[in-house]
4 protein chains.
Amino acid sequence: MARKVGSIGAETADKVRLAALSLFARYGYAAVSMRQIGREIGLQAGAIYNHFPTKQHLLRGLMVEHMERLLNAWDAERDDSLPPREALVAFVRFHIRYHVKCGDEVFISYMELRNLEEENFSEIEELRRRYEQSLGRILEAGAREKVFTVSDPRVATMAVIAMLTGVTSWYRPDGRLSLEKIEELYVGMISGAVGMKEN
Amino acid sequence: MARKVGSIGAETADKVRLAALSLFARYGYAAVSMRQIGREIGLQAGAIYNHFPTKQHLLRGLMVEHMERLLNAWDAERDDSLPPREALVAFVRFHIRYHVKCGDEVFISYMELRNLEEENFSEIEELRRRYEQSLGRILEAGAREKVFTVSDPRVATMAVIAMLTGVTSWYRPDGRLSLEKIEELYVGMISGAVGMKEN
Amino acid sequence: MARKVGSIGAETADKVRLAALSLFARYGYAAVSMRQIGREIGLQAGAIYNHFPTKQHLLRGLMVEHMERLLNAWDAERDDSLPPREALVAFVRFHIRYHVKCGDEVFISYMELRNLEEENFSEIEELRRRYEQSLGRILEAGAREKVFTVSDPRVATMAVIAMLTGVTSWYRPDGRLSLEKIEELYVGMISGAVGMKEN
Amino acid sequence: MARKVGSIGAETADKVRLAALSLFARYGYAAVSMRQIGREIGLQAGAIYNHFPTKQHLLRGLMVEHMERLLNAWDAERDDSLPPREALVAFVRFHIRYHVKCGDEVFISYMELRNLEEENFSEIEELRRRYEQSLGRILEAGAREKVFTVSDPRVATMAVIAMLTGVTSWYRPDGRLSLEKIEELYVGMISGAVGMKEN
DNA sequence: AATGAATGAGAGTTCATTCAT
DNA sequence: TATGAATGAACTCTCATTCAT
């Protein structure tokens with residue numbers, strides 16, 4: 001549903017989120033002040049507190065929302081009936097495609113973990129674990145069915161995630177390679193890494 | 001008290017570096033104060049300035065020294081006469097072995113880049129580029145000689161580096177897997193990723 | 001506590017200016033801290049920054065405002081149609097009367113010049129030059145018309161200004177001499193110094 | 001007597017005094033640090049404490065020594081047998097000649113009074129009072145003998161001193177006017193100011 | 001007499017946060 | 001809901017001074 005007319009508050013909150021996201025990604029949570037966020041959107045620092053109780057809530061929100069959107073997007077796209085090979089390709093393509101679209105969110109979700117208070121940290125870690133488990137299950141299934149040669153699926157999961165997420169650190173929409181081409185390259189490399197049998 | 005017997009400047013500077021390294025890695029450069037660093041080693045914050053002109057110099061120093069040690073270590077170990085396959089295996093083993101030994105340095109060298117001032121950033125980036133080029137050259141040579149199947153060596157370089165460096169984020173000396181085993185696993189995955197021909 | 005009822009920004013800024021003026025005059029700009037200024041008026045040092053961006057701005061403001069008030073006051077009182085003798089008397093009386101009323105401003109405007117940053121210094125110097133030129137013109141006119149005997153009007157200008165401004169360093173409202181009497185004494189001495197012809 | 005060979009200490013103390021004098025005059029006592037003084041002469045700040053117990057002593061020393069040298073110089077030159085007119089001319093010439101030679105000393109002796117601790121302040125004030133009294137006595141004698149027309153010798157004393165000392169603020173050795181010419185101009189103006197009878 | 005390293009205080013300034021308006 | 005002004009704590013960095021060497 002579209003946002004109700006007159007619901008200015010939610011719009012402001014969104015502007016704050018957006019500004020914070022961009023600033024946190026660029027300079028880091030600790031180095032960005034509430035004043036800076038406010039300035040970015042023509043607001044006094046104090047006004048932000050009408051929308052977010054603390055700076056920490058703002059950070060937590062950005063990370064939780066990102067992780068939940070990611071999980072939802074993957075849930076919407078995943079097809080658990082696919083065999084491991086196809087499932088892995090789907091995951092790789094999804095991960096790259098989704099992550100390059102929200103580089104800032106990805107970046108802060110990795111970089112600012114240590115600035116989360118204990119409880120918030122656990123919450124995010126649990127969400128991340130759930131997402132990475134999607135890949136873990138695929139690799140395990142492939143190993144079980146002997147279509148992949150992964151002697152240690154847990155290590156393989158982390159290796160693949162690291163490799164994939166690395167894309168966000170250099171991808172540029174106007175870069176040398178199209179997104180499609182990049183996906184293809186990574187599908188190729190990861191297929192090789194997990195020893196995917198040709199058929 | 002003016003000076004503790006036996007405690008000389010270089011030792012203090014080292015203690016500062018060590019404390020800063022650990023704190024920066026744990027909480028982030030921006031979130032760590034000079035007081036905190038001092039407290040860690042029983043020093044007033046102001047005394048740190050006898051050894052480092054600014055907090056930024058301290059950070060730059062940690063990163064430059066790490067990168068230079070890394071480059072020197074690799075220069076000492078590399079053997080440019082090795083054929084691509086053996087060279088890649090050597091690089092993978094070296095990278096993992098070296099990086100897990102200095103997780104904090106690696107971590108801040110990636111995480112705190114944005115907290116470097118322009119000039120220092122360029123300096124570190126150049127050092128990193130030189131290191132990563134070592135891998136790049138191996139992959140290019142392998143591609144040229146058709147012993148690897150990498151359709152885009154530049155992307156492959158970044159993918160491999162990302163995968164490898166990811167190890168530092170979960171490796172524990174007392175973990176489930178020995179370092180030797182981990183190296184072996186990554187040699188396997190990366191060989192697959194670059195389509196290394198069996199012979 | 002957030003805001004005291006009835007206390008608005010402009011009032012606070014004025015209180016800060018007043019406190020700073022008095023403290024700078026008594027102890028010198030460099031020797032007065034923002035905390036000291038705040039303490040004087042029951043404010044945290046940080047709160048001063050809601051009204052003045054830096055300590056230097058605060059100083060510049062005090063000096064610029066003083067000089068502009070002085071120039072305006074003289075512009076309101078001067079009468080360019082007066083012949084040199086009467087004009088000089090008017091200037092002397094004005095200068096003394098105006099300056100003893102704002103001893104602190106006068107004091108810091110002379111004493112703190114070296115604590116002004118380059119640009120601010122030039123600005124103040126230009127204002128001072130304009131004011132002193134008023135006297136210079138009178139002396140030059142008098143010399144031209146041969147009603148004064150000043151062989152070097154530029155030196156005479158500086159001599160007269162120095163003599164006049166010296167009053168602020170010892171004048172006390174409850175002192176031995178009335179302001180009227182002091183003006184009279186200086187009119188006499190300065191008339192003599194410039195060799196004013198009796199008629 | 002010439003300084004003994006090997007008396008390095010006194011030479012260092014002199015270098016410190018010289019550096020401090022120049023820096024205090026340029027930037028003000030409060031704005032100059034012991035490190036800055038040391039740096040100027042290739043010394044660590046701590047070493048200064050081998051020669052002066054505190055920064056305050058250093059300042060006091062500079063001012064006391066200046067005032068005593070001034071008094072001694074005047075004592076050597078004064079001739080109490082001169083009649084008031086000649087005595088005034090002698091004083092004027094002496095004051096200008098002496099003061100332009102030590103602009104820094106004069107400057108800090110006026111500017112840094114407020115940075116002196118109570119006791120040191122009184123000491124300097126007393127020395128200054130003694131010097132200015134020299135002029136006061138001349139003016140009083142001249143008034144008594146009716147060779148000057150000064151209705152208030154105390155005010156006249158301050159006026160003349162202010163006028164004379166002002167010279168140091170603009171005099172440049174390579175300026176438009178020779179020192180001799182400047183002395184002459186001031187003798188003229190001051191003679192007029194005190195209503196000196198032609199004979 | 002000088003150095004280099006330290007202390008403890010304090011500088012100017014910024015911070016997250018609060019709250020009367 | 002936003003502002004502007006405030007708090008109190010914290011920041012990086014510099015200070016005068018001390019003292020073992």
Side-chain angles (χ1 to χ4, degrees), chain A residues 7-13 30-38 42-56 58, chain B residues 1-13 30-38 42-56 58, chain C residues 1-13 30-38 42-56 58, chain D residues 7-13 30-38 42-56 58:
Chain A
S7 155
I8 306 280
E11 277 172 25
T12 296
V32 170
S33 73
M34 297 299 263
R35 277 165 180 77
Q36 224 175 320
I37 297 170
L43 221 55
Q44 293 290 118
I48 298 175
Y49 289 84
N50 288 323
H51 305 278
F52 302 91
T54 68
K55 193 185 172 192
Q56 173 78 199
L58 188 42
Chain B
M1 186 173 23
R3 195 197 309 191
K4 290 193 201 102
V5 176
S7 118
I8 57 173
E11 278 173 26
T12 298
V32 171
S33 75
M34 296 301 261
R35 273 169 184 75
Q36 229 174 313
I37 296 170
L43 212 59
Q44 292 287 121
I48 297 175
Y49 290 84
N50 287 327
H51 306 280
F52 303 91
T54 67
K55 192 186 173 192
Q56 173 78 195
L58 188 43
Chain C
M1 185 172 24
R3 194 195 312 189
K4 292 195 200 100
V5 176
S7 119
I8 58 172
E11 279 174 25
T12 298
V32 171
S33 75
M34 296 301 263
R35 276 165 183 79
Q36 230 174 312
I37 297 171
L43 211 59
Q44 293 287 121
I48 297 175
Y49 289 84
N50 288 326
H51 306 280
F52 303 91
T54 66
K55 192 186 174 193
Q56 173 79 195
L58 187 43
Chain D
S7 157
I8 305 279
E11 277 172 26
T12 296
V32 170
S33 72
M34 296 299 263
R35 277 165 179 77
Q36 224 175 319
I37 297 169
L43 221 55
Q44 292 291 118
I48 298 175
Y49 288 85
N50 288 323
H51 306 278
F52 302 91
T54 68
K55 193 185 172 192
Q56 174 76 199
L58 188 42

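Note that the structure is predicted; figures quoted are calculated from it, not measured. So you know, we letter chains A, B, ... as the sequences are listed, proteins then strands, and number each from 1.
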Tell me, please, which residues at least two apart from Phe52(B) pass side chain to side chain contact (heavy atoms under 4.5 Å, CB included). Ala13(B), Val16(B), Arg17(B), Ile48(B), Leu58(B)

By side chain to side chain contact (heavy atoms under 4.5 Å, CB included), Gln44(C) pairs with (sequence neighbours left out) none

Nucleotide nearest [X] (side chain, heavy atoms from C-beta), chosen from [options]:
X: Tyr49(C); options: dT18(F), dT17(E), dT14(E); value: dT14(E)
X: Asn50(C); options: dC11(F), dA6(F), dA5(E); value: dA6(F)
X: Leu43(A); options: dT3(F), dT7(E), dC15(F); value: dT3(F)
X: His51(A); options: dA5(E), dT1(F), dT13(E); value: dT1(F)
X: Ala47(D); options: dA6(F), dA2(E), dT14(E); value: dA2(E)

For Ala31(B) and Ile48(C), take the nucleotide of DNA chain F holding the closest heavy atom to each; which residue's nucleotide lies nearer the 5' end? Ile48(C)

Residue met sooner reading DNA chain F from 5', once Met34(B) and Lys55(D) are mapped to nucleotides: Met34(B)

Sorted by chain and residue number, the side-chain hydrogen bond (donor to acceptor under 3.5 Å, both in side chains) partners of Ser33(B) (sequence neighbours excluded) come out as none

Would you say [X] reaches [N]'s phosphate, i.e. side-chain N/O to OP1/OP2 under 4.0 Å?
X: Thr54(C); N: dG12(E); result: no
X: Gln44(B); N: dA6(E); result: no
X: Ser33(D); N: dC15(F); result: yes
X: Thr12(A); N: dT1(F); result: no

In which ranges does DNA chain F form stems of 3 or more consecutive Watson-Crick or G-U pairs, distances under 3.5 Å? E:2-21 with F:2-21

List the atom of Gln36(D), the atom of Ala31(D), and the distance in Å for their closest heavy-atom pair. OE1-O, 3.6 Å

Quick one: does Arg35(C) reach the base of dG10(E) with a side-chain donor-acceptor pair under 3.5 Å? no

Output the rounded distance in Å from CZ (Phe52(C)) to C1' (dG12(E)). 16 Å

Over how many whole Å does the gap from Leu58(C) atom CG to dT13(E) atom C1' extend? 14 Å

